[in-house]
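Beneath this line is the structure, given in C-alpha coordinates, with notes to follow.
Note: hydrogens, waters and symmetry copies are ignored here, and every other heavy atom, side chains too, is used. Source: prediction; values computed, not measured. All ligand and atom numbering here is 1-based and tracks the order in the structure.
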Amino acid sequence: MNDTTTVDTTKSGSDQDWFKDAVIYELHLRAFADSNGDGLGDLVGLRHRLDYLADLGITAIWLLPFYPSPQRDNGYDIADYRTVNPEYGSTQDFQELLDAAHERGIRVITELVINHTSDQHPWFERARRAPKGSPERDFYVWTDDPEDYSDARIIFQDFETSNWTWDPVAGQYFWHRFYSHQPDLNFDNPAVEAAVLDVLDFWLGMGVDGLRLDAVPYLYEREGTTCENLPETHAALKRMRAHMDSKYENRMLLAEANQWPEESAAYFGDGDECHMNFHFPVMPRLFMSVQMENRTPIIDIMEQTPEPPEGCQWATFLRNHDELTLEMVTEEERDLMLRAYARDDEMRINLGIRRRLAPLLGNDRRKIELLNALLFSLPGTPVVYYGDEIGMGDNVYLGDRDGVRTPMQWSADRNAGFSTSNPHRLYLPLITEQEYHYESINVETQSENPASLLSWMRQLIALRNRHTVLGRGAIEFHEPENPHVLAFTRTMPDETGAGQAPMLCVANLSRLAQHVELDLTDHMGATPVEVFGQNRFAPVGELPYQLTLAPYGFFWFSLENRREQTGRTFRARSRRSHGARPR
Ligand code: GLC
Ligand code: CA
(Lines give C-alpha, C1' and ligand atoms only; values in the text may rest on other atoms or scores of the structure.)
(Ligands and ions follow the chains in the order given, each with its own letter.)
Protein backbone atom coordinates (compact mmCIF):
# COMPACT_ATOMS: atom_id res chain seq x y z
CA MET A 1 0.00 0.00 0.00
CA ASN A 2 2.84 2.40 0.70
CA ASP A 3 3.75 3.16 -2.88
CA THR A 4 0.33 4.55 -3.69
CA THR A 5 -1.25 5.86 -0.52
CA THR A 6 -0.70 8.93 1.51
CA VAL A 7 -1.61 8.80 5.16
CA ASP A 8 -4.61 11.00 5.63
CA THR A 9 -4.86 11.58 9.36
CA THR A 10 -8.25 13.22 9.00
CA LYS A 11 -9.81 10.19 7.34
CA SER A 12 -12.08 8.18 9.56
CA GLY A 13 -13.50 4.71 9.88
CA SER A 14 -12.05 2.57 7.11
CA ASP A 15 -8.46 3.18 8.11
CA GLN A 16 -8.71 2.34 11.78
CA ASP A 17 -7.20 -1.15 11.40
CA TRP A 18 -4.16 0.07 9.44
CA PHE A 19 -1.77 -1.55 11.89
CA LYS A 20 -3.03 -5.03 10.99
CA ASP A 21 -1.48 -4.78 7.54
CA ALA A 22 1.56 -2.80 8.64
CA VAL A 23 5.22 -3.64 8.48
CA ILE A 24 6.91 -1.69 11.26
CA TYR A 25 10.53 -0.55 11.17
CA GLU A 26 12.10 0.21 14.53
CA LEU A 27 14.89 2.74 14.68
CA HIS A 28 16.71 5.09 16.98
CA LEU A 29 17.23 8.59 15.63
CA ARG A 30 20.75 8.79 16.93
CA ALA A 31 21.71 5.59 15.13
CA PHE A 32 20.17 6.25 11.74
CA ALA A 33 21.55 9.26 9.88
CA ASP A 34 23.46 12.35 11.00
CA SER A 35 22.64 15.49 9.00
CA ASN A 36 24.91 18.03 10.71
CA GLY A 37 28.16 16.17 11.27
CA ASP A 38 28.08 16.04 15.07
CA GLY A 39 28.34 12.26 15.14
CA LEU A 40 24.76 11.76 16.25
CA GLY A 41 21.82 10.86 14.04
CA ASP A 42 18.93 13.32 13.99
CA LEU A 43 15.45 14.15 12.67
CA VAL A 44 16.64 15.81 9.48
CA GLY A 45 18.93 12.85 8.81
CA LEU A 46 16.01 10.47 9.07
CA ARG A 47 13.83 12.67 6.86
CA HIS A 48 16.49 12.49 4.16
CA ARG A 49 16.43 8.70 4.37
CA LEU A 50 12.68 8.27 4.18
CA ASP A 51 12.85 7.26 0.53
CA TYR A 52 15.04 4.35 1.51
CA LEU A 53 12.36 3.19 3.94
CA ALA A 54 9.54 3.73 1.44
CA ASP A 55 11.52 1.73 -1.08
CA LEU A 56 12.09 -1.04 1.46
CA GLY A 57 8.30 -1.21 1.65
CA ILE A 58 7.79 -0.69 5.36
CA THR A 59 4.58 1.13 6.25
CA ALA A 60 5.32 2.48 9.72
CA ILE A 61 8.34 3.62 11.67
CA TRP A 62 8.68 3.25 15.40
CA LEU A 63 11.00 5.86 16.88
CA LEU A 64 12.73 5.15 20.18
CA PRO A 65 12.57 8.02 22.71
CA PHE A 66 13.96 11.30 21.35
CA TYR A 67 13.16 13.58 24.27
CA PRO A 68 15.54 15.53 26.52
CA SER A 69 17.30 12.96 28.67
CA PRO A 70 20.54 12.35 30.53
CA GLN A 71 20.81 9.31 28.21
CA ARG A 72 21.63 6.80 30.90
CA ASP A 73 19.11 4.37 29.43
CA ASN A 74 19.22 5.26 25.75
CA GLY A 75 16.61 7.98 26.22
CA TYR A 76 14.13 5.85 28.19
CA ASP A 77 15.13 8.12 31.06
CA ILE A 78 13.04 11.12 30.07
CA ALA A 79 13.63 14.59 31.57
CA ASP A 80 10.96 16.42 29.54
CA TYR A 81 8.04 14.78 27.74
CA ARG A 82 6.86 17.68 25.65
CA THR A 83 9.78 18.61 23.47
CA VAL A 84 12.54 17.14 21.35
CA ASN A 85 16.08 16.61 22.59
CA PRO A 86 17.92 19.51 20.87
CA GLU A 87 20.64 17.10 19.80
CA TYR A 88 18.08 15.55 17.44
CA GLY A 89 16.53 18.82 16.23
CA SER A 90 13.45 20.85 17.06
CA THR A 91 9.75 20.20 17.43
CA GLN A 92 9.43 21.82 14.00
CA ASP A 93 11.87 19.23 12.59
CA PHE A 94 9.73 16.53 14.11
CA GLN A 95 6.58 17.95 12.51
CA GLU A 96 8.37 18.04 9.15
CA LEU A 97 9.47 14.45 9.54
CA LEU A 98 5.93 13.42 10.39
CA ASP A 99 4.51 15.22 7.36
CA ALA A 100 7.18 13.83 5.05
CA ALA A 101 6.52 10.30 6.32
CA HIS A 102 2.77 10.72 5.86
CA GLU A 103 3.29 11.95 2.30
CA ARG A 104 4.96 8.63 1.60
CA GLY A 105 2.22 6.61 3.24
CA ILE A 106 4.42 5.84 6.23
CA ARG A 107 2.94 6.12 9.69
CA VAL A 108 4.91 7.17 12.74
CA ILE A 109 4.82 5.48 16.14
CA THR A 110 6.55 7.17 19.07
CA GLU A 111 7.14 6.25 22.70
CA LEU A 112 4.99 7.06 25.68
CA VAL A 113 7.22 6.09 28.58
CA ILE A 114 4.93 6.59 31.55
CA ASN A 115 6.02 4.02 34.10
CA HIS A 116 9.00 6.12 35.07
CA THR A 117 10.90 9.32 34.36
CA SER A 118 14.53 10.27 34.69
CA ASP A 119 15.58 11.43 38.15
CA GLN A 120 16.44 14.67 36.29
CA HIS A 121 12.80 15.32 35.43
CA PRO A 122 11.49 18.52 37.11
CA TRP A 123 8.65 16.45 38.59
CA PHE A 124 11.17 14.41 40.51
CA GLU A 125 13.22 17.42 41.53
CA ARG A 126 10.03 18.96 42.86
CA ALA A 127 8.88 15.74 44.52
CA ARG A 128 11.99 15.10 46.54
CA ARG A 129 11.88 18.64 47.96
CA ALA A 130 8.14 18.76 48.61
CA PRO A 131 6.75 17.85 52.03
CA LYS A 132 6.06 14.21 52.71
CA GLY A 133 2.48 13.31 51.75
CA SER A 134 1.99 16.38 49.53
CA PRO A 135 0.59 15.93 45.99
CA GLU A 136 3.97 17.08 44.60
CA ARG A 137 5.90 14.46 46.60
CA ASP A 138 3.31 11.90 45.62
CA PHE A 139 4.06 12.16 41.90
CA TYR A 140 6.39 9.26 42.70
CA VAL A 141 6.20 6.20 44.94
CA TRP A 142 7.94 6.61 48.31
CA THR A 143 8.41 4.60 51.49
CA ASP A 144 10.22 4.57 54.79
CA ASP A 145 10.36 0.80 54.69
CA PRO A 146 12.29 -0.78 51.79
CA GLU A 147 10.68 -4.14 52.61
CA ASP A 148 7.44 -2.92 50.99
CA TYR A 149 6.31 -4.66 47.79
CA SER A 150 8.98 -7.31 48.28
CA ASP A 151 7.17 -9.75 45.95
CA ALA A 152 8.10 -7.66 42.93
CA ARG A 153 10.99 -9.13 40.93
CA ILE A 154 14.06 -7.15 39.93
CA ILE A 155 14.15 -6.70 36.17
CA PHE A 156 17.62 -5.26 35.55
CA GLN A 157 19.19 -7.89 37.74
CA ASP A 158 22.73 -7.31 36.43
CA PHE A 159 22.56 -3.71 37.62
CA GLU A 160 20.17 -3.35 40.55
CA THR A 161 19.77 -5.18 43.86
CA SER A 162 16.51 -3.59 44.99
CA ASN A 163 13.48 -1.80 43.55
CA TRP A 164 13.93 0.86 46.27
CA THR A 165 16.65 3.50 46.38
CA TRP A 166 17.32 5.93 49.23
CA ASP A 167 17.00 9.58 48.36
CA PRO A 168 18.89 11.74 50.85
CA VAL A 169 17.09 14.89 49.73
CA ALA A 170 13.64 13.45 50.37
CA GLY A 171 14.76 11.37 53.32
CA GLN A 172 12.77 8.44 51.92
CA TYR A 173 13.18 5.53 49.56
CA PHE A 174 11.70 5.83 46.05
CA TRP A 175 10.39 2.98 43.93
CA HIS A 176 11.89 2.02 40.54
CA ARG A 177 11.31 -1.11 38.44
CA PHE A 178 14.32 -0.34 36.24
CA TYR A 179 17.50 1.63 36.84
CA SER A 180 17.76 3.54 40.14
CA HIS A 181 17.92 6.76 38.13
CA GLN A 182 14.42 6.00 36.78
CA PRO A 183 11.89 6.64 39.59
CA ASP A 184 8.41 5.18 38.91
CA LEU A 185 5.52 7.59 38.58
CA ASN A 186 2.70 7.13 41.08
CA PHE A 187 -0.51 6.36 39.22
CA ASP A 188 -2.49 6.40 42.46
CA ASN A 189 -2.13 10.16 42.21
CA PRO A 190 -4.81 11.47 39.79
CA ALA A 191 -2.53 14.40 38.92
CA VAL A 192 -0.07 11.92 37.40
CA GLU A 193 -2.69 10.41 35.14
CA ALA A 194 -3.81 13.88 34.06
CA ALA A 195 -0.22 14.86 33.29
CA VAL A 196 0.26 11.71 31.23
CA LEU A 197 -2.89 12.38 29.20
CA ASP A 198 -1.55 15.87 28.48
CA VAL A 199 1.60 14.30 27.04
CA LEU A 200 -0.50 11.91 24.94
CA ASP A 201 -2.52 14.88 23.63
CA PHE A 202 0.64 16.78 22.81
CA TRP A 203 2.02 14.13 20.44
CA LEU A 204 -1.26 12.84 19.02
CA GLY A 205 -2.22 16.46 18.42
CA MET A 206 0.84 16.82 16.21
CA GLY A 207 -0.32 13.84 14.16
CA VAL A 208 1.59 10.90 15.61
CA ASP A 209 -0.19 7.70 14.54
CA GLY A 210 0.69 5.35 17.35
CA LEU A 211 2.19 5.27 20.83
CA ARG A 212 4.24 2.45 22.24
CA LEU A 213 3.51 2.16 25.94
CA ASP A 214 6.84 1.27 27.48
CA ALA A 215 6.92 -1.08 30.48
CA VAL A 216 3.17 -0.90 30.87
CA PRO A 217 2.56 -3.83 33.29
CA TYR A 218 4.17 -1.97 36.17
CA LEU A 219 2.05 1.19 36.48
CA TYR A 220 0.54 0.34 39.87
CA GLU A 221 1.93 -1.30 43.02
CA ARG A 222 -0.02 -3.27 45.59
CA GLU A 223 1.29 -5.09 48.67
CA GLY A 224 1.24 -8.88 48.46
CA THR A 225 1.33 -8.94 44.64
CA THR A 226 4.10 -9.09 42.03
CA CYS A 227 3.09 -5.51 41.19
CA GLU A 228 2.56 -6.56 37.58
CA ASN A 229 -0.64 -6.66 35.51
CA LEU A 230 -2.78 -5.30 38.34
CA PRO A 231 -6.49 -4.57 37.72
CA GLU A 232 -5.78 -0.91 38.51
CA THR A 233 -3.29 -0.83 35.62
CA HIS A 234 -5.88 -2.20 33.21
CA ALA A 235 -8.47 0.28 34.44
CA ALA A 236 -6.04 3.15 33.81
CA LEU A 237 -5.39 1.88 30.28
CA LYS A 238 -9.11 1.74 29.57
CA ARG A 239 -9.41 5.36 30.68
CA MET A 240 -6.47 6.33 28.47
CA ARG A 241 -7.98 4.53 25.48
CA ALA A 242 -11.37 6.13 26.02
CA HIS A 243 -9.69 9.51 26.19
CA MET A 244 -7.83 8.82 22.95
CA ASP A 245 -10.90 7.51 21.12
CA SER A 246 -12.93 10.52 22.13
CA LYS A 247 -10.46 12.92 20.51
CA TYR A 248 -8.62 11.19 17.64
CA GLU A 249 -9.22 8.77 14.81
CA ASN A 250 -7.09 5.96 13.42
CA ARG A 251 -4.52 6.06 16.19
CA MET A 252 -2.98 3.07 17.86
CA LEU A 253 -1.68 2.05 21.29
CA LEU A 254 1.01 -0.63 21.40
CA ALA A 255 1.74 -2.29 24.74
CA GLU A 256 5.17 -3.44 25.77
CA ALA A 257 4.22 -6.18 28.23
CA ASN A 258 6.90 -8.82 28.53
CA GLN A 259 4.54 -11.48 29.90
CA TRP A 260 3.10 -14.91 29.14
CA PRO A 261 0.47 -14.97 26.36
CA GLU A 262 -2.58 -14.83 28.68
CA GLU A 263 -1.28 -11.92 30.74
CA SER A 264 -0.10 -10.17 27.57
CA ALA A 265 -3.44 -10.61 25.86
CA ALA A 266 -5.06 -8.91 28.83
CA TYR A 267 -3.57 -5.65 27.50
CA PHE A 268 -6.03 -5.81 24.61
CA GLY A 269 -8.76 -5.67 27.25
CA ASP A 270 -12.06 -6.35 25.53
CA GLY A 271 -10.76 -4.36 22.61
CA ASP A 272 -10.86 -1.30 24.88
CA GLU A 273 -7.22 -1.09 26.00
CA CYS A 274 -4.30 -1.40 23.56
CA HIS A 275 -4.78 -2.12 19.84
CA MET A 276 -1.47 -3.90 19.67
CA ASN A 277 0.72 -5.84 22.00
CA PHE A 278 4.15 -7.32 21.52
CA HIS A 279 4.13 -11.11 21.53
CA PHE A 280 7.21 -11.70 23.68
CA PRO A 281 7.00 -15.49 24.21
CA VAL A 282 6.86 -16.46 20.55
CA MET A 283 10.18 -14.75 19.78
CA PRO A 284 12.62 -17.05 21.64
CA ARG A 285 10.61 -20.05 20.42
CA LEU A 286 11.32 -19.19 16.82
CA PHE A 287 15.02 -19.39 17.64
CA MET A 288 14.47 -22.56 19.70
CA SER A 289 12.65 -24.33 16.90
CA VAL A 290 15.49 -23.68 14.49
CA GLN A 291 18.05 -24.77 17.06
CA MET A 292 16.12 -27.96 17.90
CA GLU A 293 15.08 -28.47 14.27
CA ASN A 294 11.60 -29.14 15.55
CA ARG A 295 8.28 -27.30 15.21
CA THR A 296 6.93 -28.07 18.71
CA PRO A 297 8.11 -24.90 20.51
CA ILE A 298 6.34 -22.67 17.98
CA ILE A 299 3.13 -24.68 17.91
CA ASP A 300 2.97 -24.95 21.70
CA ILE A 301 3.22 -21.23 22.23
CA MET A 302 0.77 -20.41 19.45
CA GLU A 303 -1.73 -22.80 21.00
CA GLN A 304 -1.41 -20.94 24.31
CA THR A 305 -1.98 -17.65 22.53
CA PRO A 306 -5.49 -16.23 22.83
CA GLU A 307 -7.10 -14.79 19.73
CA PRO A 308 -6.93 -10.98 20.03
CA PRO A 309 -10.33 -9.27 20.32
CA GLU A 310 -11.86 -7.50 17.33
CA GLY A 311 -9.78 -4.48 16.32
CA CYS A 312 -6.60 -5.82 17.94
CA GLN A 313 -3.43 -7.50 16.74
CA TRP A 314 -0.14 -8.87 18.07
CA ALA A 315 3.16 -7.26 17.14
CA THR A 316 5.95 -9.76 16.52
CA PHE A 317 9.70 -9.36 16.19
CA LEU A 318 12.97 -11.25 16.01
CA ARG A 319 15.22 -8.62 17.53
CA ASN A 320 14.92 -5.13 18.95
CA HIS A 321 17.03 -2.51 20.76
CA ASP A 322 17.01 -4.57 23.97
CA GLU A 323 18.55 -7.92 24.75
CA LEU A 324 16.85 -10.99 23.29
CA THR A 325 14.86 -11.51 26.44
CA LEU A 326 14.59 -14.97 27.97
CA GLU A 327 12.11 -14.05 30.66
CA MET A 328 9.19 -15.90 29.09
CA VAL A 329 10.81 -19.36 28.86
CA THR A 330 11.45 -22.16 31.35
CA GLU A 331 14.88 -22.49 32.99
CA GLU A 332 15.64 -25.46 30.81
CA GLU A 333 14.75 -23.53 27.68
CA ARG A 334 16.86 -20.61 28.85
CA ASP A 335 19.88 -22.89 29.25
CA LEU A 336 19.36 -24.23 25.78
CA MET A 337 19.10 -20.75 24.31
CA LEU A 338 22.17 -19.47 26.14
CA ARG A 339 24.24 -22.49 25.14
CA ALA A 340 23.15 -22.20 21.53
CA TYR A 341 23.17 -18.46 21.05
CA ALA A 342 25.39 -16.85 23.72
CA ARG A 343 28.46 -18.93 24.33
CA ASP A 344 30.54 -16.01 25.64
CA ASP A 345 29.72 -14.12 28.82
CA GLU A 346 29.93 -10.82 26.95
CA MET A 347 26.93 -11.89 24.91
CA ARG A 348 24.68 -12.12 27.98
CA ILE A 349 22.92 -9.42 29.92
CA ASN A 350 20.21 -9.66 32.59
CA LEU A 351 18.06 -12.62 31.50
CA GLY A 352 18.94 -12.43 27.85
CA ILE A 353 21.29 -12.18 24.91
CA ARG A 354 22.60 -8.89 23.57
CA ARG A 355 23.24 -9.75 19.95
CA ARG A 356 21.87 -8.83 16.57
CA LEU A 357 20.03 -11.19 14.26
CA ALA A 358 22.80 -12.04 11.80
CA PRO A 359 25.49 -12.89 14.38
CA LEU A 360 22.94 -14.85 16.44
CA LEU A 361 22.34 -17.04 13.42
CA GLY A 362 26.02 -17.47 12.62
CA ASN A 363 25.52 -15.20 9.62
CA ASP A 364 23.80 -18.10 7.88
CA ARG A 365 21.77 -16.49 5.11
CA ARG A 366 19.40 -19.46 4.96
CA LYS A 367 18.54 -19.18 8.66
CA ILE A 368 18.14 -15.41 8.43
CA GLU A 369 15.68 -15.82 5.57
CA LEU A 370 13.86 -18.66 7.29
CA LEU A 371 13.33 -16.74 10.52
CA ASN A 372 12.17 -13.66 8.64
CA ALA A 373 9.82 -15.80 6.57
CA LEU A 374 8.31 -17.15 9.80
CA LEU A 375 8.06 -13.66 11.28
CA PHE A 376 6.25 -12.43 8.18
CA SER A 377 3.84 -15.35 7.86
CA LEU A 378 2.81 -16.21 11.43
CA PRO A 379 -0.03 -14.14 12.93
CA GLY A 380 0.87 -10.62 14.01
CA THR A 381 2.37 -7.48 12.53
CA PRO A 382 6.11 -7.86 11.95
CA VAL A 383 8.57 -5.37 13.40
CA VAL A 384 11.99 -5.15 11.75
CA TYR A 385 14.89 -3.71 13.71
CA TYR A 386 17.01 -1.22 11.76
CA GLY A 387 20.11 -2.75 10.22
CA ASP A 388 18.79 -6.30 10.37
CA GLU A 389 17.55 -5.92 6.79
CA ILE A 390 21.19 -5.78 5.68
CA GLY A 391 22.45 -8.30 8.24
CA MET A 392 24.38 -5.85 10.40
CA GLY A 393 26.74 -7.23 13.03
CA ASP A 394 27.06 -6.25 16.69
CA ASN A 395 29.78 -5.40 19.18
CA VAL A 396 29.44 -7.36 22.40
CA TYR A 397 32.29 -5.44 24.02
CA LEU A 398 30.24 -2.25 24.27
CA GLY A 399 28.38 -1.62 27.55
CA ASP A 400 24.74 -2.34 28.37
CA ARG A 401 22.80 -2.95 25.11
CA ASP A 402 24.90 -0.57 23.02
CA GLY A 403 26.37 -3.42 20.99
CA VAL A 404 23.12 -3.66 19.00
CA ARG A 405 22.71 0.12 18.71
CA THR A 406 25.68 1.08 16.53
CA PRO A 407 25.39 3.47 13.53
CA MET A 408 23.42 2.35 10.49
CA GLN A 409 25.71 1.25 7.67
CA TRP A 410 24.78 3.16 4.54
CA SER A 411 27.88 2.81 2.38
CA ALA A 412 31.57 1.94 2.34
CA ASP A 413 32.45 5.63 2.74
CA ARG A 414 33.84 7.31 5.82
CA ASN A 415 31.71 6.54 8.90
CA ALA A 416 29.70 4.16 6.72
CA GLY A 417 27.95 7.16 5.19
CA PHE A 418 26.23 7.71 8.53
CA SER A 419 27.99 10.95 9.42
CA THR A 420 30.66 13.33 8.15
CA SER A 421 32.05 13.82 11.65
CA ASN A 422 35.48 12.94 12.91
CA PRO A 423 35.18 9.16 13.38
CA HIS A 424 36.17 9.56 17.03
CA ARG A 425 33.14 11.76 17.56
CA LEU A 426 30.56 9.13 16.59
CA TYR A 427 28.18 8.36 19.45
CA LEU A 428 29.26 4.70 19.19
CA PRO A 429 31.96 3.07 17.08
CA LEU A 430 31.05 1.44 13.78
CA ILE A 431 31.16 -2.29 13.26
CA THR A 432 34.57 -3.09 11.82
CA GLU A 433 34.85 -6.76 12.63
CA GLN A 434 35.93 -8.53 9.45
CA GLU A 435 32.78 -10.51 8.74
CA TYR A 436 30.40 -7.58 9.31
CA HIS A 437 32.61 -4.66 8.34
CA TYR A 438 30.63 -1.68 7.09
CA GLU A 439 32.75 -1.64 3.95
CA SER A 440 30.98 -4.79 2.80
CA ILE A 441 27.74 -4.85 4.85
CA ASN A 442 25.98 -1.66 3.82
CA VAL A 443 22.88 -0.37 2.05
CA GLU A 444 24.64 0.92 -1.05
CA THR A 445 26.45 -2.32 -1.85
CA GLN A 446 23.37 -4.42 -1.22
CA SER A 447 21.06 -2.13 -3.17
CA GLU A 448 23.05 -2.85 -6.30
CA ASN A 449 22.95 -6.60 -5.84
CA PRO A 450 19.67 -8.38 -6.59
CA ALA A 451 20.93 -11.40 -4.63
CA SER A 452 21.63 -9.43 -1.44
CA LEU A 453 19.77 -9.83 1.82
CA LEU A 454 18.42 -6.30 1.39
CA SER A 455 16.93 -7.13 -2.01
CA TRP A 456 15.43 -10.27 -0.57
CA MET A 457 13.93 -8.40 2.40
CA ARG A 458 12.40 -5.91 -0.02
CA GLN A 459 10.73 -8.76 -1.84
CA LEU A 460 9.54 -10.36 1.38
CA ILE A 461 8.01 -7.08 2.55
CA ALA A 462 6.36 -6.50 -0.84
CA LEU A 463 4.79 -9.96 -0.69
CA ARG A 464 3.54 -9.35 2.81
CA ASN A 465 2.02 -6.05 1.72
CA ARG A 466 0.36 -7.71 -1.26
CA HIS A 467 -1.12 -10.66 0.62
CA THR A 468 -3.48 -9.21 3.20
CA VAL A 469 -4.24 -12.71 4.40
CA LEU A 470 -0.85 -12.74 6.16
CA GLY A 471 -1.90 -9.76 8.25
CA ARG A 472 -5.49 -10.65 8.88
CA GLY A 473 -6.08 -14.33 8.24
CA ALA A 474 -6.79 -17.02 10.81
CA ILE A 475 -4.15 -19.72 11.21
CA GLU A 476 -4.49 -23.46 11.09
CA PHE A 477 -1.49 -25.68 11.78
CA HIS A 478 -0.97 -28.88 9.84
CA GLU A 479 0.37 -31.93 11.60
CA PRO A 480 2.64 -33.72 9.14
CA GLU A 481 4.57 -36.72 10.38
CA ASN A 482 7.92 -35.06 9.78
CA PRO A 483 8.57 -33.00 12.96
CA HIS A 484 11.23 -30.88 11.22
CA VAL A 485 8.58 -29.26 9.10
CA LEU A 486 6.28 -26.48 10.26
CA ALA A 487 3.26 -26.04 8.02
CA PHE A 488 0.23 -23.85 8.42
CA THR A 489 -2.49 -22.20 6.38
CA ARG A 490 -3.61 -18.61 6.75
CA THR A 491 -7.20 -18.06 5.69
CA MET A 492 -9.39 -14.99 5.36
CA PRO A 493 -12.95 -15.39 6.52
CA ASP A 494 -14.06 -13.79 3.27
CA GLU A 495 -12.05 -14.89 0.28
CA THR A 496 -12.92 -12.18 -2.15
CA GLY A 497 -10.61 -9.85 -3.97
CA ALA A 498 -6.91 -10.00 -4.72
CA GLY A 499 -4.52 -11.15 -2.06
CA GLN A 500 -7.23 -12.93 -0.15
CA ALA A 501 -6.64 -16.52 -1.28
CA PRO A 502 -5.48 -18.81 1.54
CA MET A 503 -1.73 -18.96 2.02
CA LEU A 504 -0.02 -22.25 2.74
CA CYS A 505 3.33 -21.74 4.50
CA VAL A 506 5.74 -24.65 4.81
CA ALA A 507 9.10 -24.31 6.54
CA ASN A 508 11.97 -26.76 6.97
CA LEU A 509 13.50 -26.06 10.39
CA SER A 510 16.36 -28.45 9.85
CA ARG A 511 19.82 -28.15 8.35
CA LEU A 512 19.13 -31.13 6.06
CA ALA A 513 16.78 -31.47 3.13
CA GLN A 514 13.35 -32.81 4.14
CA HIS A 515 10.35 -34.44 2.58
CA VAL A 516 6.85 -33.80 3.81
CA GLU A 517 3.35 -35.04 3.07
CA LEU A 518 0.53 -32.64 3.83
CA ASP A 519 -3.16 -33.31 4.17
CA LEU A 520 -4.63 -30.53 2.05
CA THR A 521 -8.04 -32.08 1.44
CA ASP A 522 -9.67 -28.86 2.69
CA HIS A 523 -8.19 -27.21 -0.39
CA MET A 524 -8.88 -29.92 -2.94
CA GLY A 525 -8.65 -28.61 -6.50
CA ALA A 526 -6.66 -25.49 -5.56
CA THR A 527 -3.44 -24.70 -7.37
CA PRO A 528 -0.57 -23.76 -5.07
CA VAL A 529 1.25 -20.78 -6.59
CA GLU A 530 4.65 -20.17 -5.04
CA VAL A 531 4.53 -16.43 -4.45
CA PHE A 532 8.24 -15.54 -4.67
CA GLY A 533 8.51 -16.89 -8.20
CA GLN A 534 4.83 -17.00 -9.23
CA ASN A 535 5.30 -20.62 -10.31
CA ARG A 536 2.29 -22.91 -10.31
CA PHE A 537 2.75 -26.22 -8.54
CA ALA A 538 0.74 -29.42 -9.03
CA PRO A 539 -2.92 -28.95 -8.04
CA VAL A 540 -4.14 -30.38 -4.77
CA GLY A 541 -5.74 -33.77 -5.32
CA GLU A 542 -7.02 -36.54 -3.13
CA LEU A 543 -3.62 -37.95 -2.22
CA PRO A 544 -1.40 -36.33 0.42
CA TYR A 545 0.45 -33.36 -1.05
CA GLN A 546 4.17 -34.09 -1.41
CA LEU A 547 6.87 -31.47 -1.00
CA THR A 548 10.64 -31.53 -0.80
CA LEU A 549 12.36 -28.74 1.06
CA ALA A 550 15.99 -27.64 0.90
CA PRO A 551 17.89 -27.16 4.20
CA TYR A 552 16.16 -24.30 6.08
CA GLY A 553 13.99 -23.92 2.98
CA PHE A 554 10.44 -22.66 3.00
CA PHE A 555 7.52 -22.10 0.64
CA TRP A 556 4.69 -19.61 0.63
CA PHE A 557 1.92 -20.91 -1.61
CA SER A 558 -1.10 -18.91 -2.51
CA LEU A 559 -3.87 -21.50 -2.86
CA GLU A 560 -5.60 -20.14 -5.94
CA ASN A 561 -9.08 -20.72 -7.32
CA ARG A 562 -10.76 -21.85 -4.18
CA ARG A 563 -13.72 -19.89 -2.96
CA GLU A 564 -14.95 -22.08 -0.14
CA GLN A 565 -13.55 -21.29 3.23
CA THR A 566 -12.39 -23.98 5.61
CA GLY A 567 -14.20 -22.39 8.51
CA ARG A 568 -11.64 -23.68 10.96
CA THR A 569 -9.22 -21.62 12.92
CA PHE A 570 -6.38 -22.91 15.00
CA ARG A 571 -8.25 -22.06 18.19
CA ALA A 572 -11.05 -24.31 17.21
CA ARG A 573 -8.67 -27.01 16.20
CA SER A 574 -6.21 -26.83 19.06
CA ARG A 575 -7.66 -29.47 21.26
CA ARG A 576 -4.42 -30.72 22.70
CA SER A 577 -4.14 -29.79 26.36
CA HIS A 578 -1.04 -27.97 27.45
CA GLY A 579 -1.25 -28.61 31.17
CA ALA A 580 0.21 -26.02 33.49
CA ARG A 581 2.11 -23.27 31.86
CA PRO A 582 5.85 -23.65 32.36
CA ARG A 583 7.33 -20.85 34.43
C1 GLC B 1 11.78 -0.88 28.09
C2 GLC B 1 12.75 -0.51 27.00
C3 GLC B 1 14.16 -0.63 27.49
C4 GLC B 1 14.34 0.24 28.71
C5 GLC B 1 13.29 -0.11 29.78
C6 GLC B 1 13.31 0.88 30.91
O7 GLC B 1 11.88 -2.22 28.43
O8 GLC B 1 12.52 -1.30 25.87
O9 GLC B 1 15.08 -0.27 26.50
O10 GLC B 1 15.63 0.07 29.24
O11 GLC B 1 12.00 -0.07 29.23
O12 GLC B 1 12.88 2.14 30.46
CA1 CA C 1 23.46 15.21 14.18
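- For D214 and R212, the salt-bridge test passes: some basic side-chain N is under 4.0 Å from an acidic carboxylate O.
- Using a 4.0 Å cut-off between charged side-chain N and carboxylate O, D42 and R47 make no salt bridge.
- H275 is listed as a side-chain neighbour of M244, based on a closest heavy-atom distance under 4.5 Å.
- Note that R49 lies outside the cation-pi zone of F418, set by a 6.0 Å cut-off to the ring centre and a 45° limit from the axis.
- Taking a cutoff of 4.0 Å between a charged side-chain nitrogen and a carboxylate oxygen, R128 and D167 qualify as a salt bridge.
- Counting heavy-atom neighbours within 6.0 Å of E223 CD, excluding the residue itself, gives a total above 12.
- Note that R126 lies in the cation-pi zone of F139, set by a 6.0 Å cut-off to the ring centre and a 45° limit from the axis.
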Measure from every N or O atom of ligand 1 to the protein's N or O atoms and keep only the pairs below 3.5 Å, writing each with atom names and distance to 0.1 Å.
unit_1   : atom_1 : unit_2 : atom_2 : d
ligand 1 : 7 (O)  : E256   : OE1    : 3.4
ligand 1 : 7 (O)  : E256   : OE2    : 2.9
ligand 1 : 8 (O)  : R212   : NH2    : 3.2
ligand 1 : 8 (O)  : H321   : NE2    : 2.9
ligand 1 : 8 (O)  : D322   : OD2    : 2.5
ligand 1 : 9 (O)  : H321   : NE2    : 3.1
ligand 1 : 9 (O)  : D322   : OD1    : 2.6
ligand 1 : 9 (O)  : D322   : OD2    : 3.4
ligand 1 : 9 (O)  : R401   : NH1    : 3.2
ligand 1 : 10 (O) : D73    : OD1    : 2.9
ligand 1 : 10 (O) : D73    : OD2    : 2.8
ligand 1 : 10 (O) : R401   : NH1    : 3.0
ligand 1 : 10 (O) : R401   : NH2    : 3.4
ligand 1 : 11 (O) : D214   : OD1    : 3.0
ligand 1 : 11 (O) : D214   : OD2    : 3.1
ligand 1 : 12 (O) : D73    : OD2    : 3.2
ligand 1 : 12 (O) : H116   : NE2    : 2.7
ligand 1 : 12 (O) : D214   : OD2    : 3.4

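- For Y218 and W175, the distance between ring centers is not under 6.0 angstrom.
- Protein N, O or S atom count below 3.0 Å of the Ca ion (ligand 2): the structure gives 5.
- Results of the ring-ring contact (aromatic ring centres under 6.0 Å, His included) test with F280 over W314, W260, Y267, F317 single out F317 as the only residue that passes.
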